[in-house]
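The structure under discussion appears below in the form of structure tokens.
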2 protein chains.
Amino acid sequence: MDDIDYSLLKQMAVTIGEAAKITDIPIRKLRYWEDKGYIKSVEEQAHTTRRFDYYMVKKIVLMKELIEDGYTVEAASQKVEVRMGELRQVFDNLTRK
Amino acid sequence: MDDIDYSLLKQMAVTIGEAAKITDIPIRKLRYWEDKGYIKSVEEQAHTTRRFDYYMVKKIVLMKELIEDGYTVEAASQKVEVRMGELRQVFDNLTRK
DNA sequence: TAATAATTGGAGATTAGTTACAAAAGGAGT
DNA sequence: ACTCCTTTTGTAACTAATCTCCAATTATTA
């Protein structure tokens, strides 16, 4: 199996519509979650529209599972952050270059 | 390191504008390459606009290198396909589910 | 220089995404 | 039921992004 190019993966950020399709969460709800700070889109001055990278889409998927299991949005967000610790660090390090 | 979720990765398809930024190839040229069949966007009835998945963006990056090295677009496309054999199969298999 | 490959331009239309204001459900505790 | 807070949803008016289809231009090579 070819190794995944993490630097490239980091750049593969999808639109909110795409993220909504992938995660099966309404666009409107994703915007709300972002307003509340539970998720965040890629920050780039060049972008006038939102983009979500692999890490964030994965986070949304995991949050959804926890929420369906009874967790609040807030709690789900925190739990997922902890659980995804390693991947988050990889993505964070890639940003600082 | 967390393992990458290939099923999710497969779905992380970016717009043509995003692909253009990532690869530093003009949108217009990407459309031309697609017209000629050197690259192809995700086929989904739901999409009225183009989307390129990780495999295809990676292919574009590699094609670009070969072209800068003197290969024709056609030759670069073929060479990259061979070189990316394993990854292509992974993506192909994910499609058939 | 003729033929093919490769790239680029732009008009006019459509689709996707934005913010901002507001309203409606839902849940927990009193 | 009532209150407070969380969570979700609706919509209008606007901007950004992408689309197709026409064609023209610039290499490159026989």
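Lettering follows sequence order; numbering is per chain, from 1.
By the 30° and 60° cut-offs, the orientation of the rings of Y55(A) relative to F91(A) is tilted.
Distances shown here put every side-chain N or O of T48(B) at or beyond 4.0 Å from the OP1 or OP2 atom of dT14(C). Close to dT18(C), at under 4.0 Å from its OP1 or OP2, lies a side-chain N or O of R31(A). Contact between the side-chain N/O atoms of R50(A) and the OP1/OP2 oxygens of dG17(C) is not found at any separation under 4.0 Å. Within the structure, a side-chain polar atom (N or O) of Y38(A) is placed less than 4.0 Å from OP1 or OP2 of dT7(D).
A salt bridge between R50(A) and E34(A) is present, with a side-chain N of the basic residue lying under 4.0 Å from a carboxylate O of the acidic one. Salt bridge annotation for E81(A)-R88(A): present, with a cationic side-chain nitrogen under 4.0 angstrom from a carboxylate oxygen.
For T15(B), the side-chain atoms get nearest to dT18(D) when compared with the rest of dT8(D), dT18(D), dT7(C). Distance from the side chain of V73(A) is smallest for dT7(D) among the nucleotides dT7(D), dT15(C), dT8(C). Residue K36(A) places its side chain closer to dT7(D) than to any other of dT9(D), dT7(D), dT18(C).
Closest-nucleotide positions on DNA chain D for I27(B) and T72(A) were compared, and the one nearer the 5' end corresponds to T72(A). Nearest-nucleotide mapping onto DNA chain D: of R28(B) and R28(A), the residue sitting toward the 5' end is R28(A). With DNA chain C read from its 5' end, the first of the two nearest nucleotides for R51(B) and W33(B) is the one closest to W33(B).
Summarising the geometry, the separation between CD on E18(A) and P on dG17(C) is reported as 8 Å, rounded to the nearest angstrom. Look at CD1 on I16(B): it is 12 Å from C1' on dT20(D), rounded to the nearest Å. Atom-to-atom, OH of Y32(B) to P of dT25(D) comes out at 17 Å; the value is rounded to the nearest Å. Distance, I60(B) CD1 to dT7(C) C1': 16 Å, rounded to whole Å. The CD atom of E68(A) sits 17 Å away from the C1' atom of dG26(C) (whole-angstrom rounding). Distance, E34(B) CD to dT7(C) P: 15 Å, rounded to whole Å. Rounded to a whole Å, the CZ atom of F52(A) is 13 Å from the C1' atom of dT18(C). What separates CD1 of I25(A) from C1' of dT8(D) is a distance of 12 Å, to the nearest Å.
V80(B) approaches M63(B) most closely through the heavy-atom pair CG2-N, 3.8 Å.
Between S77(B) and K59(B), the side chains place a donor N or O and an acceptor N or O closer than 3.5 Å (distance only, hydrogens not considered).
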